[in-house]
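Below: one structure, written as structure tokens.
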Amino acid sequence: MRNSIKFEFSDTIAGYVTGFNKEKKIFGIRTTDGREFDVKLTSNTYARGPRNLGEPYVDYTGKMESLLVKDQYLFTIGIYYPEHGGHTFEAKVLVFPGEGVGRYRFEEEPDWWIKQAKSIADFFIKAQFGGPDKIDYRNYRTFLSLTGERRGDYRQETDTISRLVYGFASAFMLTGEDRFLDAAEKGVEYLREHMRFYDVDENVVYWYHGIDVRGGKEHKIFASEFGDDYDAIPMYEQIYALAGPTQTYRLNGDPAIMKDIKMTIDLFDRFFLDKEKEGYFSHIDPVTLDPRSESLGGNRARKNWNSVGDHAPAYLINLWLATEDPKYRDFLAYTADCITKYFPDYEHSPFVQERFFEDWSHDKTWGWQQNRAVVGHNLKIAWNLMRINNIVSKKEYVELAKKIAEVMPKVGMDVQRGGWYDVMERELQEGEECYRFAWHDRKAWWQQEQGILAYQILYGVLKEKEYLRYARESAAFYNSFFLDYDDGAVYFNVLNNGLPFLLGTERLKGSHSMSGYHSIELAYLSAVYTNLLNTKQPLDLYFKPLPGGFPDGILRVQPDILPKGSVKISEVWVDGKPWKNFDAEKMTVELPNLNYRPKVKVRIVPVK
């Protein structure tokens with residue numbers, strides 16, 4: 001019989017225990033989509049428990065059998081043997097996300113995600129600079145090895161610095177530890193001094209792709225040198241140049257940061273915005289700033305997910321949180337309206353359409369994407385529509401978010417092993433029953449983030465138990481397989497079974513794609529959603545405003561765009577002393593009139 005699987009192979013099963021026969025050493029497991037398997041324990045099967053970064057190994061072997069009770073969730077790594085007309089699956093490793101049914105350590109410990117953010121931020125301070133007393137962005141390098149060693153090249157990319165700055169700023173907000181604020185603010189200053197270009201003629205700011213530093217000299221690289229964006233100014237690079245500065249502005253209120261943000265948004269509105277047909281173009285010519293220039297080739301007069309949808313998570317939500325300016329709320333609604341209007345394509349595919357021509361007709365031949373879907377972009381849409389809906393309530397936002405939440409587990413989630421896939425073909429070809437992977441069935445760290453956050457906020461707002469289940473399963477996979485306990489931070493990719501994939505650029509901890517952004521963003525927002533919307537625990541946030549920084553001396557401390565009335569301030573401390581001048585419901589703090597920078601600690605609690 002052709003294609004008969006009559007050979008042994010190793011794999012992982014994720015699911016819930018259905019029963020355990022102690023005499024036969026066999027337990028049943030049910031996957032998230034309801035399929036059942038029998039698993040045999042062997043004399044050398046061992047088990048490990050949940051472990052955060054910076055912690056020692058957690059051995060569960062001694063309590064392994066006592067945990068195999070009905071509905072306990074776990075990962076089983078083992079080997080299939082072809083026998084008895086089917087396969088026997090023998091477990092080699094059991095991985096438990098918590099000690100008991102419905103127990104997940106990343107939920108039970110309010111500081112789980114905070115500790116993770118701190119560990120990752122410390123990894124990057126050591127890797128990039130050598131330690132907190134040596135923070136100098138002249139030594140920053142885009143590429144870092146698996147162990148955190150800087151590569152021999154001298155390229156400094158704007159976006160990767162900005163994304164790392166976001167991570168440092170978020171780590172300070174969660175911990176109040178000054179080395180993270182120092183790293184963030186020095187990064188913002190370096191971006192301003194070396195990566196920013198002020199166009200005097202047009203009175204706008206845009207950001208260089210990066211610089212090369214050799215022999216004490218720097219060579220600025222204006223247009224992108226990355227693959228399909230070559231010799232153009234891609235919108236997403238300009239968007240992510242604002243990620244770190246905007247998050248830092250939330251902490252310090254630096255007017256110089258706000259000026260750069262406003263002038264970059266002016267660039268978006270004057271040169272990227274399609275004033276006739278809606279949306280934002282994906283690329284403009286680096287000389288003429290024209291999105292329709294023939295020099296752009298395949299990027300001429302195009303729109304995509306990044307140019308429309310990435311504003312919200314990268315900087316725009318944080319900008320609204322810091323200012324509550326109605327124009328930024330309206331900007332968020334405009335991007336969400338474009339997404340709900342143009343991206344759904346459910347008559348042809350379970351995935352949204354991500355690339356478009358100027359008139360919003362579908363571009364299915366562009367570069368690497370062709371007619372393919374990025375699973376994480378679908379999940380990212382659901383996550384951000386739910387956030388935006390909390391300030392601009394529209395049924396279309398919730399309907400599309402719920403549609404994505406319903407469809408994605410069937411086509412983008414690994415229902416056998418856990419976790420979320422990468423890039424997939426959007427449509428079935430003749431004779432196919434399963435949607436195909438574009439290149440591989442590996443799983444990227446950033447796409448796990450999108451799945452975790454999407455279902456966390458869906459559950460936090462809508463309270464449907466299925467969303468909590470998917471959020472837990474996604475977070476369990478990430479925390480069980482992506483954390484690098486040996487060298488620090490998180491892996492770029494894992495194989496479908498959860499084992500790290502360590503080849504090529506996917507071996508790196510720093511690259512064009514990876515720079516301490518998604519991993520710390522996940523930790524920050526998971527702490528927010530888990531503590532405040534799910535487990536109903538308080539969350540402390542820290543700020544250090546500049547004298548005269550925030551307009552009218554008002555500090556806005558909303559942790560994210562959460563449902564109105566769901567959280568409030570319970571206590572505030574300024575330099576360790578209680579401070580009573582705050583509005584609990586409006587989530588604002590009236591700052592003292594000081595000639596130095598106070599450290600402000602704010603305790604946010606759920607409204608029960």
Side-chain angles (χ1 to χ4, degrees), residues 52-54 106 110-129 132 135 137 140 142 144 148 159-188 191 240-251 310 313-315 317-318 321 376 380 383 444-453 456-457 474-475 478-479 482-485 487-492 508-511 513-531 539-543 559-560:
N52 210 345
L53 289 171
F106 52 78
D111 61 351
W112 172 276
W113 293 104
I114 297 169
K115 289 179 178 177
Q116 196 170 116
K118 177 180 175 180
S119 178
I120 295 170
D122 277 331
F123 169 88
F124 280 100
I125 285 179
K126 181 179 179 182
Q128 289 289 5
F129 312 116
I135 297 172
Y137 278 82
Y140 173 91
T142 298
L144 294 175
D159 281 7
T160 58
I161 292 178
S162 179
R163 289 172 171 180
L164 185 57
V165 167
Y166 172 95
F168 290 144
S170 301
F172 174 80
M173 199 180 299
L174 288 173
T175 67
E177 298 189 15
D178 287 335
R179 65 186 178 281
F180 300 135
L181 180 61
D182 186 37
E185 292 183 333
K186 285 181 176 177
V188 170
L191 288 169
Y240 277 102
L242 296 181
T246 305
Q247 189 75 333
T248 305
Y249 179 81
R250 289 179 65 187
L251 308 176
D310 257 346
Y315 74 92
I317 283 176
N318 291 318
L321 290 169
K380 203 171 190 179
W383 163 41
W445 93 105
W446 74 268
Q447 307 216 41
Q448 313 313 306
E449 179 208 11
Q450 311 309 314
I452 295 166
L453 297 180
Q456 281 181 345
I457 196 167
S474 301
Y478 179 85
N479 280 291
F482 274 89
L483 309 187
D484 184 349
Y485 304 114
D487 295 310
V490 302
Y491 297 115
F492 188 107
L508 304 178
K509 293 284 175 60
S511 66
S513 304
M514 189 181 218
S515 183
Y517 170 64
H518 288 291
S519 55
I520 299 180
E521 178 184 51
L522 169 61
Y524 171 75
L525 288 170
S526 284
V528 170
Y529 299 157
T530 300
N531 289 347
L539 180 68
D540 293 342
L541 296 180
Y542 297 84
F543 305 84
D560 194 49

Charged N to carboxylate O under 4.0 angstrom, K509 versus D487? no

CD-CG distance between Q448 and N479, expressed to the nearest 0.5 angstrom: 11.0 Å

Once side-chain hydrogen bond (donor to acceptor under 3.5 Å, both in side chains) is applied, do any residues pair with Y478, and if so which ones, sequence neighbours excluded? none

Please identify each residue that fulfils side-chain contact (heavy atoms from CB on, under 4.5 Å) with D540, with sequence neighbours left out. Y542, K601, R603

By side-chain hydrogen bond (donor to acceptor under 3.5 Å, both in side chains), D122 pairs with (sequence neighbours left out) R179

Can you confirm whether L508 sits close enough to M514 that some side-chain heavy atom of one is under 4.5 Å from a side-chain heavy atom of the other? no

Tell me if the centroids of the rings in F129 and Y137 come within less than 6.0 Å of each other. yes

Residue set satisfying side-chain contact (heavy atoms from CB on, under 4.5 Å) with A523, at least two apart, ordered chain then number -> W113, A117

Tell me every residue that passes ring-ring contact (aromatic ring centres under 6.0 Å, His included) with F106, counting only those two or more places apart in sequence or in another chain. Y104

Considering all heavy atoms, the nearest A183-I135 contact: CB-CD1, 3.8 Å

Return yes if some donor-acceptor pair links the side-chain N/O of S515 with the main-chain N/O of Y517 below 3.5 Å, else return no. no

I'd like to know if the side chain of S162 and the backbone of Y240 have a donor-acceptor N/O pair within less than 3.5 Å. yes

If we ignore hydrogens and angles and just use 3.5 Å, is the side chain of S119 paired with the main-chain N or O of K115 as donor and acceptor? no

Output the distance between atom OH (Y524) and atom OG (S519), rounded to the nearest 0.5 Å. 15.5 Å

Quick one: list whatever passes side-chain hydrogen bond (donor to acceptor under 3.5 Å, both in side chains) with E449, sequence neighbours left out. H518

May I ask you to test the D560-Y529 pair for a side-chain heavy-atom distance under 4.5 Å? yes

So which atom in L251 and which in A169 form the shortest heavy-atom distance, rounded to 0.1 Å? CD1-O, 3.5 Å

Test side-chain contact (heavy atoms from CB on, under 4.5 Å) applied to T175 - qualifying residues, sequence neighbours left out: I114, K118, E177, F180

So, for D159 and A241, which heavy atoms are closest and what is the spacing to 0.1 Å? OD1-N, 3.5 Å

If you compare all heavy atoms of P110 against all heavy atoms of N531, which two are closest, and at what distance to 0.1 Å? O-ND2, 3.1 Å

Say you draw a straight line from OH of Y485 to CG of N52; how long is it, rounded to the nearest 0.5 Å? 7.5 Å

Atom pair NZ (K380) and CH2 (W446), whose distance is rounded to the nearest 0.5 Å: 6.0 Å

Hits for salt bridge (charged side-chain N to carboxylate O under 4.0 Å, His left out) against D182, two or more places apart or cross-chain, chain-then-number order -> K186

Go through the structure and list residues passing side-chain contact (heavy atoms from CB on, under 4.5 Å) with T246, not counting sequence neighbours. L242, I261, Y315, N318, L319

Taking all atoms of both residues into account, what is the closest heavy-atom pair of E521 and P313, and its distance? OE2-O, 3.9 Å

The side-chain contact (heavy atoms from CB on, under 4.5 Å) partner of L525 among I457, T530, L453, I520 is L453

In terms of heavy-atom contacts, L53 and A489 come closest through CD2-O, 3.6 Å

Any side-chain heavy atom of I125 within less than 4.5 Å of one from F168? yes

Looking at residues at least two apart in the chain, or sitting in another chain, which of them share a ring-ring contact (aromatic ring centres under 6.0 Å, His included) with F172? none

Just jot down the ring-ring contact (aromatic ring centres under 6.0 Å, His included) partners of Y140, sequence neighbours excluded, or say none. none

Residues that T248 engages under side-chain hydrogen bond (donor to acceptor under 3.5 Å, both in side chains), provided they are two or more places apart: none

Drop me the distance from Q128's CD to F123's CZ, to the nearest 0.5 angstrom. 9.0 Å

Atom CG of L174 and atom CG of D111: how far apart are they, to the nearest 0.5 Å? 11.0 Å

